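Structure first, then comments.
What you are looking at is a predicted structure, and each value in this text was computed from that prediction instead of being measured. Starting from 1, each residue takes its place in the sequence as its number.
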Amino acid sequence: VWAEAPPDPADNVKRVELTTETAVDRVLKLVPAVLGPRVGPDMQKLLRAAKEGAYEVDGAFVSYLVRPEVLEGTVYADIEFGLPGEGDERVALPHAFVSLERGDDAIRGESNDAGQYRFEGVDAAPVRRRVELRGPAVWVRDSGRELRTPFDTLTVSAGTPDEAVFTSRNASASARDAFYHATLAWAYTRALDPSDGMAELDSTLELRVDDPRGACNAYWRGDYFNFFAAGSGCAATARIADVVYHEYAHAATQYAYAPLPIPSDVNEGLSDYFAASLTNQPRIGRGFRGSSSYLREIETDRVFPGDAHP
(Lines give C-alpha, C1' and ligand atoms only; values in the text may rest on other atoms or scores of the structure.)
Protein backbone atom coordinates (compact mmCIF):
# COMPACT_ATOMS: atom_id res chain seq x y z
CA VAL A 1 0.00 0.00 0.00
CA TRP A 2 1.51 3.29 -1.07
CA ALA A 3 0.85 6.51 0.82
CA GLU A 4 2.42 9.64 -0.63
CA ALA A 5 2.21 13.22 0.56
CA PRO A 6 1.75 15.44 -2.52
CA PRO A 7 4.72 17.76 -3.12
CA ASP A 8 4.33 21.52 -2.85
CA PRO A 9 3.96 22.81 -6.46
CA ALA A 10 6.18 25.76 -5.55
CA ASP A 11 8.95 23.46 -4.48
CA ASN A 12 11.42 22.99 -7.30
CA VAL A 13 13.76 20.70 -5.44
CA LYS A 14 15.49 18.08 -7.57
CA ARG A 15 14.27 14.54 -6.81
CA VAL A 16 16.58 11.57 -6.43
CA GLU A 17 15.10 8.33 -7.77
CA LEU A 18 15.96 5.39 -5.53
CA THR A 19 14.92 1.76 -5.89
CA THR A 20 13.58 -0.37 -3.05
CA GLU A 21 16.91 -2.20 -3.09
CA THR A 22 18.79 0.99 -2.08
CA ALA A 23 20.41 0.61 1.30
CA VAL A 24 18.80 2.65 4.07
CA ASP A 25 22.16 4.15 4.94
CA ARG A 26 22.43 5.54 1.41
CA VAL A 27 18.95 7.01 1.70
CA LEU A 28 19.89 8.73 4.92
CA LYS A 29 22.83 10.32 3.18
CA LEU A 30 21.20 11.31 -0.11
CA VAL A 31 17.90 12.81 1.03
CA PRO A 32 19.39 15.47 3.33
CA ALA A 33 21.93 16.27 0.61
CA VAL A 34 19.08 17.09 -1.78
CA LEU A 35 16.75 18.87 0.61
CA GLY A 36 19.30 20.49 2.85
CA PRO A 37 17.55 22.69 5.43
CA ARG A 38 14.15 21.59 4.17
CA VAL A 39 14.45 18.33 6.17
CA GLY A 40 11.76 19.05 8.75
CA PRO A 41 10.41 17.01 11.69
CA ASP A 42 8.14 14.86 9.49
CA MET A 43 10.97 13.87 7.17
CA GLN A 44 13.28 13.23 10.09
CA LYS A 45 10.64 10.94 11.62
CA LEU A 46 10.31 9.13 8.31
CA LEU A 47 14.05 8.67 8.01
CA ARG A 48 14.27 7.29 11.52
CA ALA A 49 11.50 4.84 10.68
CA ALA A 50 13.38 3.83 7.53
CA LYS A 51 16.52 3.19 9.53
CA GLU A 52 14.52 0.97 11.89
CA GLY A 53 13.21 -1.01 8.91
CA ALA A 54 9.65 0.22 9.03
CA TYR A 55 9.65 1.93 5.65
CA GLU A 56 11.66 2.22 2.46
CA VAL A 57 12.08 5.64 0.91
CA ASP A 58 11.76 5.81 -2.88
CA GLY A 59 12.55 9.50 -3.39
CA ALA A 60 13.27 12.82 -1.78
CA PHE A 61 9.68 13.57 -0.81
CA VAL A 62 7.59 11.90 1.88
CA SER A 63 6.89 8.71 -0.04
CA TYR A 64 7.06 5.31 1.60
CA LEU A 65 6.11 1.68 1.21
CA VAL A 66 4.47 -0.19 4.05
CA ARG A 67 6.09 -3.58 4.19
CA PRO A 68 3.59 -6.30 3.15
CA GLU A 69 2.15 -8.40 5.95
CA VAL A 70 0.40 -11.76 6.11
CA LEU A 71 -3.11 -12.18 7.51
CA GLU A 72 -4.16 -15.76 8.10
CA GLY A 73 -6.68 -17.72 10.07
CA THR A 74 -8.94 -20.76 10.27
CA VAL A 75 -12.70 -21.13 9.80
CA TYR A 76 -14.57 -23.51 12.11
CA ALA A 77 -18.17 -24.62 12.52
CA ASP A 78 -20.20 -26.74 14.93
CA ILE A 79 -21.50 -29.61 12.79
CA GLU A 80 -23.83 -32.54 13.49
CA PHE A 81 -22.40 -35.83 12.24
CA GLY A 82 -24.91 -38.12 13.92
CA LEU A 83 -28.65 -37.74 14.23
CA PRO A 84 -30.26 -34.30 14.52
CA GLY A 85 -30.10 -33.03 18.08
CA GLU A 86 -27.56 -35.58 19.32
CA GLY A 87 -24.79 -33.02 19.61
CA ASP A 88 -22.29 -31.39 17.31
CA GLU A 89 -18.55 -31.30 16.85
CA ARG A 90 -16.37 -28.29 16.11
CA VAL A 91 -14.48 -28.91 12.90
CA ALA A 92 -12.56 -26.89 10.32
CA LEU A 93 -14.84 -25.54 7.60
CA PRO A 94 -13.41 -25.88 4.08
CA HIS A 95 -14.22 -23.81 0.99
CA ALA A 96 -15.97 -20.87 2.61
CA PHE A 97 -15.47 -17.45 1.06
CA VAL A 98 -13.40 -15.08 3.19
CA SER A 99 -13.13 -11.36 2.41
CA LEU A 100 -11.13 -8.47 3.82
CA GLU A 101 -13.02 -5.18 3.68
CA ARG A 102 -11.90 -1.60 4.22
CA GLY A 103 -14.33 1.08 3.12
CA ASP A 104 -15.52 0.28 -0.41
CA ASP A 105 -12.50 -1.92 -1.13
CA ALA A 106 -12.49 -5.67 -0.63
CA ILE A 107 -10.41 -8.70 -1.57
CA ARG A 108 -11.76 -12.23 -1.44
CA GLY A 109 -10.33 -15.68 -0.98
CA GLU A 110 -11.57 -18.93 0.50
CA SER A 111 -10.65 -21.40 3.17
CA ASN A 112 -8.72 -24.45 1.95
CA ASP A 113 -9.40 -28.13 2.62
CA ALA A 114 -8.16 -27.66 6.19
CA GLY A 115 -10.35 -24.59 6.76
CA GLN A 116 -7.36 -22.25 6.64
CA TYR A 117 -7.11 -18.99 4.74
CA ARG A 118 -4.17 -16.70 4.01
CA PHE A 119 -3.83 -13.23 2.49
CA GLU A 120 -0.37 -11.99 1.60
CA GLY A 121 0.73 -8.44 0.88
CA VAL A 122 -1.79 -6.72 3.15
CA ASP A 123 -0.80 -3.74 5.26
CA ALA A 124 -0.63 -3.72 9.01
CA ALA A 125 -3.71 -1.56 9.58
CA PRO A 126 -6.78 -3.29 11.08
CA VAL A 127 -9.27 -4.59 8.52
CA ARG A 128 -12.75 -6.09 8.63
CA ARG A 129 -12.76 -9.83 7.99
CA ARG A 130 -16.00 -11.45 6.78
CA VAL A 131 -16.67 -15.18 6.34
CA GLU A 132 -19.89 -16.45 4.78
CA LEU A 133 -21.59 -19.83 4.48
CA ARG A 134 -21.00 -19.45 0.79
CA GLY A 135 -18.26 -20.88 -1.37
CA PRO A 136 -17.49 -22.38 -4.76
CA ALA A 137 -19.79 -25.34 -4.03
CA VAL A 138 -22.91 -23.91 -2.40
CA TRP A 139 -24.48 -20.71 -1.19
CA VAL A 140 -26.59 -21.22 1.93
CA ARG A 141 -29.65 -19.01 2.34
CA ASP A 142 -31.92 -19.26 5.37
CA SER A 143 -35.58 -19.29 4.31
CA GLY A 144 -36.62 -18.75 7.91
CA ARG A 145 -34.64 -15.50 7.97
CA GLU A 146 -35.61 -13.81 4.72
CA LEU A 147 -33.10 -15.83 2.69
CA ARG A 148 -30.15 -14.28 4.49
CA THR A 149 -26.73 -15.90 4.26
CA PRO A 150 -25.10 -16.53 7.66
CA PHE A 151 -21.78 -14.75 8.16
CA ASP A 152 -19.19 -13.94 10.78
CA THR A 153 -17.27 -10.64 10.93
CA LEU A 154 -14.43 -9.36 13.06
CA THR A 155 -11.86 -6.57 12.91
CA VAL A 156 -8.48 -8.27 12.58
CA SER A 157 -4.85 -7.32 12.00
CA ALA A 158 -2.00 -8.95 10.15
CA GLY A 159 0.37 -10.96 12.29
CA THR A 160 -2.31 -12.19 14.69
CA PRO A 161 -3.88 -15.57 13.79
CA ASP A 162 -7.64 -15.28 13.33
CA GLU A 163 -10.43 -17.76 14.08
CA ALA A 164 -13.90 -17.49 12.58
CA VAL A 165 -16.41 -19.82 14.21
CA PHE A 166 -19.97 -20.62 13.12
CA THR A 167 -22.10 -21.59 16.09
CA SER A 168 -25.74 -21.16 17.09
CA ARG A 169 -24.80 -17.52 17.72
CA ASN A 170 -24.47 -16.66 14.03
CA ALA A 171 -25.96 -19.58 12.05
CA SER A 172 -28.68 -22.17 12.52
CA ALA A 173 -27.84 -25.85 12.77
CA SER A 174 -29.52 -26.36 9.38
CA ALA A 175 -27.31 -23.73 7.75
CA ARG A 176 -24.10 -25.05 9.28
CA ASP A 177 -24.83 -28.71 8.59
CA ALA A 178 -26.06 -28.15 5.04
CA PHE A 179 -23.04 -26.06 4.06
CA TYR A 180 -20.57 -28.58 5.46
CA HIS A 181 -22.21 -31.71 4.04
CA ALA A 182 -23.04 -30.21 0.62
CA THR A 183 -19.46 -28.96 0.31
CA LEU A 184 -18.21 -32.45 1.22
CA ALA A 185 -20.48 -33.94 -1.46
CA TRP A 186 -19.16 -31.42 -4.00
CA ALA A 187 -15.52 -32.21 -3.20
CA TYR A 188 -16.21 -35.96 -3.42
CA THR A 189 -17.97 -35.61 -6.76
CA ARG A 190 -15.35 -33.35 -8.32
CA ALA A 191 -12.59 -35.71 -7.16
CA LEU A 192 -14.36 -38.51 -9.04
CA ASP A 193 -14.95 -36.36 -12.13
CA PRO A 194 -12.93 -33.13 -12.43
CA SER A 195 -13.87 -32.73 -16.10
CA ASP A 196 -15.50 -29.66 -17.64
CA GLY A 197 -18.63 -31.74 -18.12
CA MET A 198 -19.40 -31.31 -14.42
CA ALA A 199 -18.17 -27.71 -14.17
CA GLU A 200 -21.69 -26.42 -13.41
CA LEU A 201 -21.25 -27.91 -9.94
CA ASP A 202 -18.57 -25.24 -9.37
CA SER A 203 -21.01 -22.38 -9.86
CA THR A 204 -21.97 -21.86 -6.19
CA LEU A 205 -25.34 -23.62 -6.23
CA GLU A 206 -27.99 -22.00 -4.06
CA LEU A 207 -29.10 -24.07 -1.07
CA ARG A 208 -32.11 -22.92 0.96
CA VAL A 209 -32.67 -24.24 4.47
CA ASP A 210 -35.53 -24.20 7.00
CA ASP A 211 -38.28 -23.41 4.52
CA PRO A 212 -41.33 -22.86 6.76
CA ARG A 213 -43.84 -23.55 3.98
CA GLY A 214 -43.69 -27.31 4.48
CA ALA A 215 -42.09 -30.20 6.36
CA CYS A 216 -40.81 -33.75 5.91
CA ASN A 217 -39.20 -33.15 2.51
CA ALA A 218 -36.29 -31.76 0.54
CA TYR A 219 -35.67 -31.45 -3.18
CA TRP A 220 -33.38 -30.28 -5.97
CA ARG A 221 -35.47 -27.99 -8.16
CA GLY A 222 -33.09 -27.97 -11.09
CA ASP A 223 -31.50 -24.64 -10.15
CA TYR A 224 -31.41 -24.68 -6.34
CA PHE A 225 -31.80 -27.01 -3.36
CA ASN A 226 -34.66 -26.60 -0.89
CA PHE A 227 -34.86 -28.14 2.58
CA PHE A 228 -37.93 -27.80 4.78
CA ALA A 229 -37.96 -26.75 8.42
CA ALA A 230 -38.80 -29.10 11.27
CA GLY A 231 -42.49 -29.88 11.64
CA SER A 232 -45.20 -32.58 11.48
CA GLY A 233 -42.97 -34.90 13.50
CA CYS A 234 -40.00 -34.56 11.15
CA ALA A 235 -36.58 -33.06 11.73
CA ALA A 236 -35.33 -30.14 9.66
CA THR A 237 -34.15 -32.02 6.59
CA ALA A 238 -30.96 -29.95 6.15
CA ARG A 239 -29.73 -31.38 9.47
CA ILE A 240 -29.68 -34.96 8.13
CA ALA A 241 -26.38 -35.59 6.35
CA ASP A 242 -27.54 -38.41 4.07
CA VAL A 243 -30.55 -36.35 2.96
CA VAL A 244 -28.17 -33.55 1.96
CA TYR A 245 -25.98 -36.05 0.08
CA HIS A 246 -29.04 -37.56 -1.61
CA GLU A 247 -30.26 -34.19 -2.86
CA TYR A 248 -26.80 -33.12 -3.98
CA ALA A 249 -26.55 -36.27 -6.08
CA HIS A 250 -29.69 -35.19 -7.96
CA ALA A 251 -27.82 -32.09 -9.13
CA ALA A 252 -24.77 -34.13 -10.12
CA THR A 253 -26.95 -36.62 -11.99
CA GLN A 254 -28.76 -33.82 -13.84
CA TYR A 255 -25.49 -32.32 -15.08
CA ALA A 256 -24.07 -35.74 -15.95
CA TYR A 257 -27.12 -36.64 -18.07
CA ALA A 258 -27.66 -33.22 -19.63
CA PRO A 259 -29.18 -32.58 -22.09
CA LEU A 260 -30.94 -35.96 -21.83
CA PRO A 261 -33.82 -36.64 -19.41
CA ILE A 262 -33.16 -38.83 -16.37
CA PRO A 263 -35.37 -41.89 -15.66
CA SER A 264 -36.87 -41.23 -12.24
CA ASP A 265 -36.02 -44.67 -10.83
CA VAL A 266 -32.38 -44.31 -11.90
CA ASN A 267 -32.30 -40.78 -10.49
CA GLU A 268 -33.53 -41.86 -7.06
CA GLY A 269 -31.42 -44.99 -7.00
CA LEU A 270 -28.22 -43.11 -7.79
CA SER A 271 -28.96 -40.57 -5.09
CA ASP A 272 -29.47 -43.26 -2.45
CA TYR A 273 -26.30 -45.03 -3.57
CA PHE A 274 -24.34 -41.78 -3.39
CA ALA A 275 -25.61 -41.00 0.13
CA ALA A 276 -24.82 -44.51 1.38
CA SER A 277 -21.35 -44.32 -0.17
CA LEU A 278 -20.54 -41.13 1.74
CA THR A 279 -21.97 -42.33 5.08
CA ASN A 280 -20.67 -45.90 4.60
CA GLN A 281 -23.90 -47.45 5.84
CA PRO A 282 -27.13 -48.52 4.06
CA ARG A 283 -29.85 -46.48 5.78
CA ILE A 284 -31.23 -43.35 4.15
CA GLY A 285 -32.93 -40.58 6.11
CA ARG A 286 -31.69 -41.57 9.56
CA GLY A 287 -33.45 -39.57 12.26
CA PHE A 288 -36.07 -38.29 9.83
CA ARG A 289 -38.94 -38.90 12.29
CA GLY A 290 -36.99 -39.52 15.49
CA SER A 291 -33.74 -41.07 16.63
CA SER A 292 -34.60 -44.66 15.68
CA SER A 293 -36.29 -43.87 12.36
CA TYR A 294 -35.08 -43.98 8.79
CA LEU A 295 -36.80 -43.79 5.41
CA ARG A 296 -35.36 -46.84 3.67
CA GLU A 297 -32.34 -49.11 3.49
CA ILE A 298 -30.51 -50.31 0.41
CA GLU A 299 -28.65 -53.35 1.74
CA THR A 300 -31.43 -55.85 0.93
CA ASP A 301 -31.46 -57.10 -2.65
CA ARG A 302 -34.77 -56.37 -4.32
CA VAL A 303 -36.20 -57.18 -7.74
CA PHE A 304 -38.84 -55.22 -9.61
CA PRO A 305 -41.80 -55.61 -9.78
CA GLY A 306 -42.14 -58.22 -7.08
CA ASP A 307 -40.47 -56.11 -4.38
CA ALA A 308 -41.97 -52.80 -5.46
CA HIS A 309 -43.73 -50.72 -2.86
CA PRO A 310 -47.37 -49.81 -3.61
Side-chain angles (χ1 to χ4, degrees), residues 1-2 65-81 88-142 145 147-191 194 198-209 225 238 241 244-245 248 278:
V1 177
W2 285 96
L65 173 67
V66 178
R67 291 183 181 276
E69 302 281 352
V70 173
L71 199 159
E72 55 189 353
T74 306
V75 184
Y76 296 97
D78 293 344
I79 303 298
E80 295 174 304
F81 289 93
D88 46 41
E89 178 182 348
R90 183 158 297 177
V91 297
L93 194 66
H95 305 293
F97 286 149
V98 183
S99 59
L100 302 182
E101 304 169 350
R102 183 179 292 127
D104 294 331
D105 297 326
I107 54 176
R108 189 170 76 173
E110 69 178 84
S111 57
N112 62 17
D113 289 341
Q116 300 167 341
Y117 73 86
R118 179 183 176 92
F119 292 94
E120 297 182 354
V122 301
D123 62 47
V127 65
R128 195 73 172 169
R129 181 268 297 144
R130 179 185 177 98
V131 184
E132 296 182 296
L133 290 186
R134 180 176 183 175
V138 291
W139 169 23
V140 170
R141 305 184 72 185
D142 193 331
R145 299 178 181 177
L147 293 178
R148 295 176 181 174
T149 297
F151 64 90
D152 182 80
T153 62
L154 186 69
T155 299
V156 298
S157 298
T160 302
D162 171 48
E163 287 188 358
V165 185
F166 285 96
T167 67
S168 57
R169 174 184 61 84
N170 52 15
S172 68
S174 292
R176 288 178 273 128
D177 291 348
F179 181 88
Y180 181 88
H181 292 299
T183 298
L184 178 65
W186 166 77
Y188 181 81
T189 302
R190 293 302 273 146
M198 300 294 282
E200 288 186 79
L201 292 177
D202 305 336
S203 58
T204 310
L205 301 177
E206 184 177 344
L207 191 157
R208 300 180 181 182
V209 302
F225 301 97
V244 176
Y245 301 151
Y248 190 86
L278 281 177

Do [X] and [Y] have side chains that approach each other closer than 4.5 Å (heavy atoms only, starting at C-beta)?
X      : Y      : value
Leu93  : Tyr180 : yes
Pro150 : Val140 : yes
Val156 : Val127 : yes
Leu154 : Glu163 : no
Arg102 : Asp123 : yes
Thr167 : Tyr76  : no
Ile79  : Asp88  : no
Tyr248 : Leu184 : no

Testing the basics here: between [X] and [Y], what is the closest heavy-atom pair and its distance to 0.1 Å?
X      : Y      : value
Ala182 : Val138 : CB-CG1, 3.8 Å
Ala92  : Ala114 : CB-O, 3.2 Å
Val209 : Ala238 : CG1-CB, 3.8 Å
Pro94  : Ser111 : C-OG, 3.3 Å
Ser172 : Asp142 : OG-OD2, 3.7 Å

Polar side-chain atom of Thr204 near backbone of Gly135 as donor-acceptor pair, under 3.5 Å: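 Yes, the answer is positive, given that a donor and an acceptor are paired below the 3.5 Å cut-off.
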Cation-pi check, Arg176 onto Phe166 ring (under 6.0 Å, within 45° of axis):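 No.
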Axial cation check for Phe97 ring with Arg108, 6.0 Å and 45° limits: yes
How far does [atom1] of [X] sit from [atom2] of [Y], to the nearest 0.5 angstrom?
X      : Y      : atom1 : atom2 : result
Phe225 : Glu206 : CZ    : CD    : 10.5 Å
Asp202 : Arg190 : CG    : CZ    : 4.0 Å
Glu132 : Trp139 : CD    : CH2   : 9.0 Å
Leu100 : Ile107 : CG    : CD1   : 4.5 Å
Leu133 : Phe151 : CG    : CZ    : 11.0 Å
Glu69  : Phe119 : CD    : CZ    : 15.5 Å

Modelled atom types, side-chain donor and acceptor of His95 and Asp113, under 3.5 Å: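 The criterion, which ignores hydrogens and geometry beyond distance, is satisfied for Asp113 and His95.
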side-chain contact (heavy atoms from CB on, under 4.5 Å) evaluation trace for Leu205 with Trp186: CA-CA 10 Å; Leu205 301 177; Trp186 166 77; over 6 Å; no
Ionic contact status for Glu72 with Arg118, cut-off 4.0 Å: yes
Pairs involving residues 151-162, ordered by first then second residue, that meet salt bridge (charged side-chain N to carboxylate O under 4.0 Å, His left out) (sequence neighbours left out): Arg129-Asp152, Arg129-Asp162, Asp152-Arg169
Greater than 12 external heavy atoms within 6.0 Å of Arg128's CZ: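 Yes.
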